[in-house]
Amino acid sequence: MSFVSVSGVSKRFGTQIGVDDVSFELPQGDTAVIVGANGAGKTTLIRLLASLARPTSGQIEIASEPLFDGDANVRSRIGLLSHETMLYDELTARENLRLHARLHGVDDAVCNDLLETVGLADRGSERVGGFSHGMSKRVSLARVLVHDPDLLLFDEPYTGLDQTSLQRVATVLEELEDRTVLAATHDLERGFDLADRFLFMNDGRLIGDIDANEFETADDLLTSYERFCRGGSAAPGNRLEDRQRLHGGSH
Ligand SMILES: Nc1ncnc2c1ncn2[C@@H]1O[C@H](COP(=O)(O)OP(=O)(O)OP(=O)(O)O)[C@@H](O)[C@H]1O
């Protein structure tokens, strides 16, 4: 059964199209990775699912509840990791997590566990304002996990990270196996390690929705990405002729 249902969703900014008539279903526990060139609509789609923006048209349902104009509690089942850290610089890492835990009525104890998970157990008493980008991102990731959301949204989770933070973030994301995850990334190699499915976007449109098993290697994914997202040509799909095209006719 679908946990996320996106049906005919468009988002316009005046005459500018952000997302154009996008539809897909995501079953509970699946991870879909959104790929596409700059301006393809990835962030806009993530923001719509996080209910930070309202679609111009179309419907979004989470756990069979409408995301807009329905029970607002559905929003507490969503966690977003975006470009903004959503942290208070003047508070310590642990205080930031505790504040979020209290807002969601979650026991504080989880905060220390999550600092451990993101590799910052020994830095929890330091002000976040003094942290590097990578460390702040790791605290943000811990914050997103505090209330144990059912749907996790990640917008470019790997961008600008040092190797230690990159490795840690990648490991945490790969271990979220039972969660429903939608992640937008330009990092095709890490996206390949994460995805059950790939959503290819171009000019706001969903031009392909492909099972990760269709790609044997990250290079296969890159080839398709170059062909469909950069070239902006025909949409890949799950039909046999598309598969043959994606794999150069070898399957
Ligand atoms: N607030 C806004 N006002 C006007 N246009 C916007 C706004 N937000 C996004 N857009 C436009 O919508 C389109 C999709 O943008 P979006 O940021 O979703 O793309 P993206 O795939 O996330 O790109 P990137 O990889 O560069 O982050 C772009 O043409 C962008 O200029």
Side-chain angles (χ1 to χ4, degrees), residues 4-24 26 31-60 62 67-68 75 78-86 133-134 136-137 140-141 144 151-162 165-166 169-170 173 180-210 212 215 218 221-237:
V4 176
S5 172
V6 174
S7 174
V9 164
S10 295
K11 176 68 181 175
R12 292 196 175 76
F13 304 97
T15 55
Q16 183 71 46
I17 292 173
V19 163
D20 188 9
D21 194 19
V22 164
S23 300
F24 66 92
L26 191 57
T31 295
V33 169
I34 312 170
V35 296
N38 293 125
K42 304 180 297 295
T43 293
T44 305
L45 182 58
I46 295 257
R47 285 177 54 80
L48 291 169
L49 281 155
S51 75
L52 292 177
R54 182 180 272 267
T56 311
S57 55
Q59 300 295 324
I60 300 175
I62 309 292
L67 184 56
F68 299 93
R75 298 182 189 193
I78 302 170
L80 169 69
L81 181 70
S82 72
H83 306 279
E84 297 147 49
T85 64
M86 317 280 270
H133 171 70
S136 298
K137 190 73 144 194
S140 295
L141 176 56
V144 167
L151 172 63
L152 287 156
L153 304 169
F154 298 121
D155 192 5
E156 299 293 351
Y158 313 114
T159 300
L161 299 184
D162 59 279
S165 296
L166 186 59
V169 168
L173 264 55
T180 311
V181 175
L182 199 69
T185 183
H186 288 289
D187 188 332
L188 297 187
E189 278 195 29
R190 295 198 185 271
F192 182 77
D193 291 340
L194 196 63
D196 298 310
R197 258 171 64 197
F198 291 98
L199 303 178
F200 286 66
M201 289 191 76
N202 192 47
D203 284 342
R205 296 187 71 86
L206 182 62
I207 60 166
D209 180 347
I210 304 187
F215 304 104
L221 173 64
L222 177 62
T223 304
S224 297
Y225 175 84
E226 293 288 347
R227 193 176 305 174
F228 296 110
C229 292
R230 291 208 186 280
S233 58

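Values below: every heavy atom of this structure, side chains too, minus hydrogens, waters and symmetry copies. Note that ligands are numbered from 1 as they come in the structure, with each ligand's atoms numbered from 1 the same way.
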Taking 4.0 angstrom as the limit and counting only heavy atoms of [X], give me the atoms of ligand 1 inside it, by number and element.
X: A40; value: 19 (O), 20 (P), 21 (O)
X: I17; value: 12 (O), 13 (C)
X: T43; value: 17 (O), 18 (O), 20 (P), 22 (O), 27 (O)

For [atom], what is the closest protein heavy atom, and at what distance to 0.1 Å?
atom: atom 18 (O) of ligand 1; value: T44 OG1, 2.6 Å
atom: atom 23 (O) of ligand 1; value: G39 N, 2.8 Å
atom: atom 6 (C) of ligand 1; value: F13 CD1, 3.2 Å
atom: atom 11 (C) of ligand 1; value: Q16 CG, 3.8 Å
atom: atom 26 (O) of ligand 1; value: N38 ND2, 2.9 Å
atom: atom 12 (O) of ligand 1; value: G18 CA, 3.4 Å

task: Select one of side chain, backbone, both or neither to describe which atoms of H186 lie under 4.0 Å from any atom of ligand 1, heavy atoms only.
output: side chain

- line: The answer for which part of A37 has a heavy atom under 4.0 Å from ligand 1 is backbone

query: So, are D209 and R197 salt-bridged, with charged N and O less than 4.0 Å apart?
result: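 Salt bridge flag = yes for R197 with D209.
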
So do the side chains of [X] and [Y] get within less than 4.5 Å of each other, counting heavy atoms only?
X: L49; Y: I62; answer: yes
X: F215; Y: I210; answer: yes
X: L199; Y: L182; answer: yes
X: V33; Y: F154; answer: no
X: I46; Y: L80; answer: yes

Atom 30 (C) of ligand 1 protein-contacted, heavy-atom criterion under 4.0 angstrom: no

- request: May I ask you to decide if the ring planes of F198 and F192 are parallel, tilted or perpendicular, using 30° and 60° as cut-offs?
  value: parallel

field: From the candidates G14, G41, A53, the one that places a heavy atom nearest atom 19 (O) of ligand 1
entry: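 It is G41 that holds the nearest heavy atom.
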
message: Measuring from atom 20 (P) of ligand 1, which candidate in H83, K42, M201, E156 has the nearest non-hydrogen atom?
response: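 The residue whose heavy atom sits nearest atom 20 (P) of ligand 1 is K42.
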
message: Ignoring hydrogens, what is the shortest heavy-atom contact between T185 and E156? Give both atom names and the distance.
response: CA-OE1, 3.4 Å

All pairs passing side-chain hydrogen bond (donor to acceptor under 3.5 Å, both in side chains) where residues 7-20 contributes a residue, at least two apart: D20-R205

